Amino acid sequence: FPVTIVPDDIDVYREANKTFIDMFSVFDFDFNLAMRCLTNIIERRVYAKKMGMSAKEMDGVVFAWSRALKDRKKYVNEHPIKIELARKILNARKNCKAITFSATIAQAEKIKIGGVVHSKNTKKKNRMTIEEFNLLDRGVLNTAKSLDEGADIKGLNLAVILSNSSSSTQKTQRIGRIIRYEEGKHSEVFTLVIKGTMEENWYQNSSTGKQYLEISVDELEDVLYRDGVNAQEKEGCEVSQLFRM
């Protein structure tokens, strides 16, 4: 389920996006050119002269473009509504074995349900966390991008994706962890997408040729609690405190 979100503060993104587009047009929407001007002062001076601008004017354009680029990315990757919705989904699926994919370590840690694996942990700690998780029938493992491939996570039947990219390979790797065939298994993948942002384009680009059931935040409750009953309700086993929801 791609869950489309329209935050109350979407105008913050729109303002940053307008600045980004206005400044980007100076470089004829050439990303490589803009980056060269950002990182190479000589090339920036040469391009300023070509455009009939002063060095100060070009500096203003380059740095405004760079700030807007970062502000847009931060908005879609770190918006607090994603943490709120991830918790809602996990709390409605307490008997599932779940994994979350976050954009940053800080975001993964903010979920505060289950264990966390990330690159700032020692390899030994991450390995032990995964090994313990693999022994469980239910629980949550929160990860950042570093776990998209390589680690063997067993028995998953739920994923919540808080960060997106335009990479279809990344999406395939993530979803592949959840839909491994097991007899009688029912799996769900919830992808949180902020509507009207570049994240929506990323999701569409990574989903080319695939069909998904898109739902809004308002419809999420119906999916999670059909007829007022948890649609994933089933008997579960005791799990360690680290992973318990």
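Keep in mind the model is a prediction, meaning the values are calculated, not measured. Keep in mind that the numbers below use all heavy atoms, side chains included, and drop hydrogens, waters and symmetry copies.
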Is there a donor-acceptor contact under 3.5 Å from the side chain of R44 to the main chain of A55?
no

Please check: side-chain N/O of E78 versus main-chain N/O of K74, any donor-acceptor pairing under 3.5 Å?
no

Between L156 and F133, is any pair of side-chain heavy atoms under 4.5 Å apart?
yes

What's the shortest heavy-atom distance between A108 and T143, and which atoms?
CB-O, 4.0 Å

Between I105 and F101, is there a shared hydrophobic cluster once you connect ILVMFWY residues whose side-chain heavy atoms come closer than 4.5 Å?
no

What are the two closest non-hydrogen atoms of A48 and S54, and how far apart are they?
CB-O, 4.1 Å

Hey, could you give me the CG/CG distance between L220 and L192, rounded to the nearest 0.5 Å?
8.5 Å

Find the distance between NZ (K18) and CG (D11) and round it off to the nearest 0.5 Å.
13.0 Å

Which heavy atom of I5 sits nearest to which heavy atom of K82, and what is that distance?
CD1-CG, 4.5 Å

Looking at CD1 of I99 and CG of N157, how far apart are the two atoms once the value is rounded to the nearest 0.5 Å?
12.0 Å

Could you check whether atom CD of E15 has more than 12 heavy atoms from other residues, nucleotides or ligands sitting under 6.0 Å from it?
no

Apart from F20 itself, residues in the same hydrophobic cluster as defined by side-chain heavy atoms under 4.5 Å:
I21, M23, F24, V26, F27, F29, F31, L33, M35, L38, Y47, M51, M53, M58, V61, V62, F63, W65, L69

Taking T4's backbone N and O only, do any of them form a donor-acceptor pair with E214's side chain (distance below 3.5 Å, no angle check)?
no

Contact check, side chains of L90 and V160, non-hydrogen atoms, under 4.5 Å:
yes

Set of side-chain hydrogen bond (donor to acceptor under 3.5 Å, both in side chains) partners for S25, sequence neighbours left out:
none

With the 4.5 Å side-chain cut-off for hydrophobic clustering, are L135 and M128 part of the same group?
no

Testing the basics here: between A64 and T19, what is the closest heavy-atom pair and its distance to 0.1 Å?
O-CG2, 4.1 Å

Can you hop from I113 to I81 via hydrophobic side chains spaced under 4.5 Å?
yes

Go through I83 and I111 one step at a time and tell me if the side chain to side chain contact (heavy atoms under 4.5 Å, CB included) criterion holds.
CA-CA 6 Å; I83 301 295; I111 294 173; 4.0 Å; yes

Between the CD1 atom in I10 and the OH atom in Y75, the distance rounded to the nearest 0.5 Å is 4.0 Å

Whether K195 engages the ring of Y203 as a cation-pi pair (distance to the six-membered ring centre under 6.0 angstrom, angle to the ring normal within 45°) should be assessed.
no

Any donor-acceptor pair under 3.5 Å linking the side chain of Q204 with the backbone of N201?
no

Set of side-chain hydrogen bond (donor to acceptor under 3.5 Å, both in side chains) partners for N40, sequence neighbours left out
none

Ignoring hydrogens and geometry beyond distance, is a side-chain donor-acceptor pair present between T100 and N142 at under 3.5 Å?
yes

Check this for me: does any side-chain nitrogen of one of D59 and R45 sit under 4.0 Å from a carboxylate oxygen of the other?
yes

List the steps, then state whether side chain to side chain contact (heavy atoms under 4.5 Å, CB included) holds for N77 with Q107.
CA-CA 9 Å; N77 280 340; Q107 186 181 50; 5.7 Å; no

Supply the atom-to-atom distance I153 CD1 to I130 CD1, rounded to the nearest 0.5 angstrom.
4.0 Å

On a heavy-atom basis, which atom in D9 and which in H79 lie closest, and how many Å separate them?
OD1-NE2, 2.8 Å

K110 meets the side-chain hydrogen bond (donor to acceptor under 3.5 Å, both in side chains) criterion, sequence neighbours left out, with none

Derivation and outcome, side chain to side chain contact (heavy atoms under 4.5 Å, CB included), residues N121 and H118
CA-CA 6 Å; N121 287 338; H118 55 66; 3.2 Å; yes

Let me confirm one number: the NZ-NZ distance from K97 to K154, rounded to the nearest 0.5 Å.
9.0 Å

Using side-chain contact (heavy atoms from CB on, under 4.5 Å) as the criterion, point out the one residue from L162, I161, L158 that pairs with F190.
L158

Under the side chain to side chain contact (heavy atoms under 4.5 Å, CB included) rule, collect the residues that match up with N32, sequence neighbours excluded.
D30, R36

Please list, chain by chain and in numerical order, all residues satisfying side chain to side chain contact (heavy atoms under 4.5 Å, CB included) with A16, sequence neighbours excluded.
D71, R72

Would you mind reporting whether R138 and R93 have side-chain heavy atoms less than 4.5 Å apart?
no

